[in-house]
Number of protein chains: 2
Amino acid sequence: MAQKKNRAAGAAKTKNGIRNKLFDFKREQILEVAERFFYHRGYQATTVDAIAEELGVTKPFIYYHFENKRDILLHLLERTMSRSLSVFDGVDVEKGPPVEILKELVQRFVLAVIETRVSTAMFWRDEKDLPISDKENIRKMKRDIDGGLARIIERGIESGCFKVNDPKMVSICIAGMISWIYTWYQSDGRCTPDEIADRMSEYILNMVGAH
Amino acid sequence: MAQKKNRAAGAAKTKNGIRNKLFDFKREQILEVAERFFYHRGYQATTVDAIAEELGVTKPFIYYHFENKRDILLHLLERTMSRSLSVFDGVDVEKGPPVEILKELVQRFVLAVIETRVSTAMFWRDEKDLPISDKENIRKMKRDIDGGLARIIERGIESGCFKVNDPKMVSICIAGMISWIYTWYQSDGRCTPDEIADRMSEYILNMVGAH
DNA sequence: AGAAAAATATACTATATAGTATAATTAAAT
DNA sequence: ATTTAATTATACTATATAGTATATTTTTCT
């Protein structure tokens with residue numbers, strides 16, 4: 001196999017830290033534009049040329065920083081997913097009062113979806129454009145989220161503070177109603193993100209029969 | 001403007017009923033294949049040639065029956081939307097017991113989404129590929145659904161049988177958690193559509209604080 | 001049966017676009 | 001300063017694909 005001439009494939013390889021940072025910075029710029037364009041026009045309908053033009057560069061610039069178009073999409077989706085998973089950071093679903101934990105998780109999750117709504121939309125729309133192996137990886141992360149929610153609900157039922165059937169389905173419903181925010185949230189809308197988070201956590205606590 | 005040579009633009013114009021039915025039948029066949037392909041590959045990634053090939057015909061056959069590719073998508077989305085709106089058929093949200101009505105609406109809505117899950121997925125994914133005027137039309141239908149749910153919830157609150165804040169947001173949450181089904185439902189899954197409908201209506205009645 | 005209309009196919013155009021070979025330029029290293 | 005490596009552009013290839021002009025076949029009508 002011929003050596004690749006660009007650096008896109010892996011991490012930057014030089015010892016020079018400044019260069020690496022510059023490289024990463026440029027990648028960020030590309031990702032930012034790509035995210036905007038993919039969101040508004042869709043992945044397939046966005047041309048690499050259009051991204052380059054928006055940045056005031058040419059196509060080979062993009063291909064120097066990313067292997068190909070799919071690679072850009074993949075980076076965007078992975079970033080979104082890891083932001084979503086970060087909702088569980090510092091939370092132990094196996095310990096502590098279920099009501100408080102569920103409330104906290106829901107609120108964090110709402111804010112995460114609002115924050116990443118653009119890439120979340122792509123996530124549900126353009127996932128099909130990824131190769132199967134990457135898709136698997138992403139599906140797994142989704143399951144982790146549903147699983148975490150299901151676990152805390154199970155604990156709540158066992159300890160008697162929740163009253164609801166089928167924790168797995170409940171957790172999918174919760175994840176769904178929160179994820180759905182990306183379809184309707186407007187930054188100039190009636191409610192702030194915090195207000196949305198508060199209401200939804202109320203609704204959800206009702207839903208699981210918390211008391 | 002030159003006269004179009006095909007009949008795709010409007011309804012079939014001949015007086016011959018059999019021909020019209022044949023024409024409609026062929027359009028149905030095209031829509032069926034298009035729906036499958038748009039769903040799996042996405043609208044942009046589906047070629048008109050591929051649809052034709054699957055049907056064992058050639059491209060002009062398609063263009064004889066539809067104005068263009070977007071026209072096919074539009075028909076699919078309108079069909080889905082009208083199926084979703086049919087959920088309200090024979091239901092008067094202004095009369096009758098809110099608990100019963102909401103339960104009935106939720107169950108019907110769940111079954112409608114499951115039934116039309118393929119086109120519902122397209123609906124949320126490929127809507128952006130429509131011209132603005134068609135998009136508006138479709139957005140309006142979405143609002144009608146949310147509005148209908150909001151109204152019954154308002155009535156429930158007024159009459160004291162529901163206890164929840166912000167009926168508009170609740171209705172969006174309900175619509176979202178139900179619509180979300182298209183992302184996870186599998187016909188070989190753990191629950192039947194009726195079971196899903198039952199559970200979800202329970203969850204939702206909990207959510208609005210019904211008693 | 002023969003003329004007219006409708007339905008479908010063949011063969012094409014025009015264009016868009018992902019990706020690349022190679023040249024030019026800029027920065028780093030000695 | 002000169003050489004080498006890294007970065008970006010110019011100009012290209014190859015291919016895919018929406019849509020159409022025209023010919024052919026099939027159906028309908030008288």
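A, B, ... follow the sequence lines: proteins, then strands. Residue 1 opens every chain.
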Whole angstroms only, please: what is the [atom1]-[atom2] distance between [X] and [N]?
{"X": "B/I30", "N": "C/dT8", "atom1": "CD1", "atom2": "C1'", "value": "12 Å"}
{"X": "A/F61", "N": "D/dT10", "atom1": "CZ", "atom2": "P", "value": "14 Å"}
{"X": "B/L22", "N": "D/dT28", "atom1": "CG", "atom2": "C1'", "value": "13 Å"}
{"X": "B/N20", "N": "D/dT28", "atom1": "CG", "atom2": "P", "value": "12 Å"}
{"X": "B/F23", "N": "C/dT8", "atom1": "CZ", "atom2": "C1'", "value": "13 Å"}

*A/D129 and side chain to side chain donor-acceptor pair (under 3.5 Å): which partner among A/K135, A/R70, A/Q44?*
A/Q44
Identify the pairs formed between an N or O of the protein and an N or O of nucleotides 15-19 of chain D at a distance under 3.5 Å, and give each distance.
residue : atom : partner : partner atom : Å
D/dA18  : OP1  : B/K69   : NZ           : 3.2
D/dA18  : OP2  : B/V48   : N            : 2.8
D/dA18  : N7   : B/K59   : NZ           : 3.0
D/dG19  : OP2  : B/Y63   : OH           : 2.9
D/dG19  : OP2  : B/K69   : N            : 3.3
D/dG19  : N7   : B/K59   : NZ           : 3.0
D/dG19  : O6   : B/K59   : NZ           : 2.9

*Would B/R83 and B/S86 count as having a side-chain donor-acceptor pair, cut-off 3.5 Å?*
yes
*May I ask you to establish whether A/R27 and A/F66 are in a cation-pi arrangement, using a distance under 6.0 Å from NZ or CZ to the six-membered ring centre and at most 45° from the ring axis?*
yes
*Might you point out which heavy atoms bring B/S179 and B/F109 nearest each other, and give the distance in Å?*
OG-CZ, 4.3 Å
*asked:* Taking 4.0 Å as the cut-off, does a side-chain nitrogen or oxygen of B/H65 come that near to OP1 or OP2 on C/dT8?
replied: yes
*OP1 or OP2 of C/dA7 less than 4.0 angstrom from a side-chain nitrogen or oxygen of B/K26, does that happen here?*
no
*Using salt bridge (charged side-chain N to carboxylate O under 4.0 Å, His left out) as the criterion, list what pairs up with B/E100, not counting sequence neighbours.*
none
*Just how far is it from atom SG of B/C191 to atom NZ of A/K168, taken to the nearest 0.5 Å?*
10.5 Å
*Can you tell which of D/dT10, D/dT8, C/dA7 lies closest to the side chain of B/Y64?*
C/dA7
